Asker: 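Handing you a structure now.
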Amino acid sequence: METISNIIGGVLTPSSSERSAPVFNPATGEQSAVLPLSTAAELDAAVAAAKLALPEWANMPPLKRARFMFRFKELLDANTDRIAAAISAEHGKTHADAVGEVQRGIEVVEFCCGIPHLLKGEFSRHVGPAIDTHTDRQPLGVVAGITPFNFPAMIPLWKAAPAIACGNAFILKPSERDPGVPMRLAELFIEAGLPEGIFNVVNGDKEAVDAILDHPDIQAIGFVGSTPIAEYIYGRGCSNGKRVQCFGGAKNHMIIMPDADMDQAVDALMGAGYGAAGERCMAISVAVPVGEKTADALMERRVPRVESLKIGPYTAGDDVDMGPLVTAAARDRVKGLVDGGVAQGAELAVDGRGFTMQGYENGFFVGGCLFDKVTTDMDIYKEEIFGPVLSVVRAKAYNDAVDMTMTNPYGNGTAIFTRDGDAARDFCDRINVGMVGVNVPIPVPLAYYTFGGWKASGFGDLNQHGPDGFRFYTRTKTVTSRWPSGVKEGAEFSIPTMK
Ligand code: NAD
């Protein structure tokens with residue numbers, strides 16, 4: 001069985017840790033690899049390698065750094081299927097979904113190919129007598145990314161590509177559940193000719209994360225994962241003086257207005273609720289039909305659709321809509337929450353708890369579940385389920401649906417389905433959620449916009465990728481110079497002004 005190594009200084013480096021975790025194929029339930037959980041000393045070694053490589057990389061003309069990005073992008077294009085297969089084997093998502101994930105990562109790399117333009121500063125001539133001012137965006141130094149299991153290629157790329165393009169050296173601490181995928185990315189960085197030490201991978205768990213949080217030579221940390229861990233990382237990282245951005249969990253509401261195109265809304269809810277078995281931070285987990293008639297029409301159309309979801313292993317290709325959950329623990333947790341929903345009085349219109357599949361009896365599958373008449377005091381409403389479970393919460397009026405979305409602690413994504421431009425505009429203006437869709441169920445912004453949630457879904461003031469990605473991984477220096485230097489004004493003891 002494969003034992004996964006680290007990548008330190010561009011070299012495959014076996015871990016000497018005495019602790020390890022199993023990696024599974026979620027479709028079969030079989031263990032596929034052993035992941036040593038790296039020690040703080042191994043993180044130190046990665047930081048040392050990054051520091052060694054840093055000066056030359058940080059001082060390289062951005063155009064030359066962009067050329068690495070171009071080569072890396074071409075390699076990602078050529079290896080998309082191979083990376084997607086690695087994702088599906090450890091995460092369980094379908095091949096088409098895994099290909100889409102890689103593509104969303106590639107698009108950020110593509111954006112980073114424009115780094116010379118993106119790093120351009122500002123210049124003002126003649127701010128005073130023979131005085132000019134310009135700004136310069138400089139890299140931070142050694143930076144780290146800590147990433148979740150549900151997008152093992154895309155999110156590491158969202159973190160690493162902008163950081164590296166800006167001239168930083170990067171250390172990735174991937175999820176321990178699907179660590180094989182970032183190793184494929186590391187191989188391609190090496191093949192693209194990236195200098196040794198600029199992209200490092202340190203596998204592990206809390207010990208490696210804490211070592212990152214406390215390391216005096218790590219300047220910034222980008223995290224994506226669940227909200228409790230996001231809060232912890234934000235607090236400890238900031239108190240250690242680092243720049244930190246953390247993206248947390250979600251409970252995304254989709255409001256269906258009485259005038260919505262119901263066929264479109266039902267189609268949208270299928271992919272948004274059950275794609276990747278609901279293991280997406282932008283999945284719709286709460287549908288809020290406005291009015292009883294809308295709710296009844298929605299349920300009538302949804303029940304047969306959820307019952308006929310095609311569930312199976314990624315190896316079945318296009319015959320599958322969704323795969324298993326990532327681990328047995330995730331499956332058991334989701335089933336437990338569904339049990340709780342029934343016990344608390346929600347109507348389970350489609351029950352996927354008993355799903356089994358011949359030949360894959362040990363896989364971590366749960367069938368699609370659909371709850372009706374959920375109320376906001378129930379655990380299935382309050383908890384992020386992160387599984388193929390959709391809760392329908394009936395709202396009497398538009399304002400009730402909006403209030404519910406606004407008082408929910410999470411604020412990652414939301415959507416409204418309507419033909420009413422007034423309602424759509426009001427919703428976009430008022431809603432306190434970071435990413436909003438109008439007749440678009442999963443409004444994930446493209447690479448040249450920024451991605452990030454509000455409230456308990458995001459900590460820190462800058463988003464991921466797009467212009468914020470470059471702001472997060474650089475700091476601004478403002479230079480004021482006088483040429484010719486010999487302009488005589490005499491000694492000045494008060495603060496210079498333009499008065
Ligand atoms: P997680 O919080 O369990 O793990 C994320 C990372 O934190 C992993 O690298 C893990 O090793 C590390 N970690 C876990 N426990 C830790 C601890 N006690 N101390 C220090 N580090 C720890 O999240 P997950 O289960 O891998 O991913 C799913 C979660 O991520 C969901 O909540 C989902 O909504 C969220 N997510 C959010 C976004 C977003 O952009 N907002 C995107 C994807 C996923």
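What you are looking at is a predicted structure, and each value in this text was computed from that prediction instead of being measured. In what follows, every heavy atom counts, from backbone to side chain, and hydrogens, waters and symmetry copies are set aside. Start at 1 and go down the list; that is how both ligands and their atoms are numbered.
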Asker: Go through it in stages, so that I can follow the logic: the residues are Phe451 and Trp158, the test is ring-ring contact (aromatic ring centres under 6.0 Å, His included), and I'd like the CA-CA distance, side-chain angles, deciding distance and then a yes or no.
Answerer: CA-CA 10 Å; Phe451 180 110; Trp158 284 11; 5.0 Å; yes
Asker: For the 3.5 Å polar cut-off, considering only N or O atoms, please tell me whether Gly248 and ligand 1 meet it.
Answerer: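 Checking ligand 1 against Gly248, an N or O pair does fall under 3.5 Å apart.
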Asker: On a heavy-atom basis, I'd like to know which of Leu37, Thr147, Asn463 is closest to atom 9 (O) of ligand 1.
Answerer: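 The residue whose heavy atom sits nearest atom 9 (O) of ligand 1 is Thr147.
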Asker: Any nitrogen or oxygen of Phe149, side chain or backbone, less than 3.5 Å from one on ligand 1?
Answerer: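 Checking ligand 1 against Phe149, an N or O pair does fall under 3.5 Å apart.
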Asker: Under 4.0 Å, heavy-atom basis, I'd like to know which part of Pro174 is in contact with ligand 1: side chain, backbone, both or neither.
Answerer: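 Answer for Pro174: backbone.
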Asker: When only distance counts, is Asp205 in polar contact with ligand 1, meaning an N/O pair under 3.5 Å?
Answerer: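 For ligand 1, there is no N or O atom that lies under 3.5 Å from one belonging to Asp205.
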Asker: Evaluating non-hydrogen atoms only, which member of Pro152, Pro148, Ser226, Cys281 is closest to atom 42 (C) of ligand 1?
Answerer: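 The option holding the nearest heavy atom is Cys281.
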Asker: Do Phe223 and Val244 come within less than 4.5 Å of each other through their side chains, counting heavy atoms only?
Answerer: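 No, every pair of side-chain atoms sits at 4.5 Å or beyond.
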Asker: Is it the side chain (CB and beyond), the backbone, both or neither of Glu384 that lies under 4.0 Å from ligand 1, heavy atoms counted?
Answerer: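 Looking at Glu384 and ligand 1, just side chain atoms fall under 4.0 Å.
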Asker: Taking the six-membered ring for Trp, are His253 and Tyr381 closer than 6.0 Å centroid to centroid?
Answerer: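 Yes, the ring of His253 comes within the 6.0 Å limit of the ring of Tyr381, centre to centre.
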Asker: For ligand 1 and Ile233, I'd like to know whether there is a polar contact (N/O to N/O, distance under 3.5 Å).
Answerer: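 There is no such contact.
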Asker: Which bit of Asn412 is near ligand 1, meaning a heavy atom under 4.0 Å away: side chain, backbone, both or neither?
Answerer: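 Side chain only.
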Asker: Taking N or O atoms only and a 3.5 Å limit, does Arg177 qualify as a polar contact for ligand 1?
Answerer: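 Yes, since at least one N or O of Arg177 sits under 3.5 Å from an N or O of ligand 1.
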Asker: Side chains of Arg82 and Leu188: closer than 4.5 Å at any heavy-atom pair?
Answerer: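 Answer yes - side chains close enough.
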Asker: Gly249 heavy atoms, cut-off 4.0 Å: which ligand 1 atoms fall inside?
Answerer: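 Answer for ligand 1: 32 (O), 34 (O).
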Asker: With heavy-atom distances below 4.0 Å as the criterion, list the atoms of ligand 1 near Phe386.
Answerer: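 Under 4.0 Å from Phe386, ligand 1 has these atoms: 28 (C), 31 (C), 33 (C), 34 (O).
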Asker: Between Thr227 and ligand 1, which residue portion shows a heavy-atom distance shorter than 4.0 Å: side chain, backbone, both, or neither?
Answerer: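 Neither; no heavy atom under 4.0 Å.
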Asker: Looking at Gln464, which atoms of ligand 1 are within less than 4.0 Å of one of its heavy atoms?
Answerer: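 Close to Gln464: 40 (O).
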Asker: Which atoms of ligand 1 have any heavy atom of Phe451 under 4.0 Å away?
Answerer: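 Listed by number with element: 40 (O).
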Asker: Any idea which part of Val209 is under 4.0 Å from ligand 1, heavy-atom wise: side chain, backbone, both or neither?
Answerer: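 Side chain only; the backbone of Val209 stays clear of ligand 1.
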Asker: Answer yes if the side chains of Glu2 and Ser32 hold a donor-acceptor pair under 3.5 Å, and no otherwise.
Answerer: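 Note: Glu2 and Ser32 side chains miss the donor-acceptor criterion.
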Asker: Can you confirm whether something in the protein, heavy atoms only, sits under 4.0 Å from atom 11 (O) of ligand 1?
Answerer: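 For atom 11 (O) of ligand 1 the answer is yes, since some protein heavy atom falls inside 4.0 Å.
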Asker: Under 4.0 Å from a heavy atom of Lys173: give me the atoms of ligand 1 that qualify, with their elements.
Answerer: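 Taking each heavy atom of Lys173 in turn, ligand 1 has 8 (C), 9 (O), 10 (C), 11 (O) under 4.0 Å.
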Asker: I need the atoms of ligand 1 closer than 4.0 Å to a non-hydrogen atom of Phe247, numbered in the order shown.
Answerer: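 Those atoms are 39 (C), 40 (O), 41 (N).
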Asker: Using a 4.0 Å heavy-atom threshold (strictly under), name the region of Glu176 that reaches ligand 1: side chain, backbone, both or neither.
Answerer: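 For Glu176, the contact with ligand 1 is made by the side chain alone.
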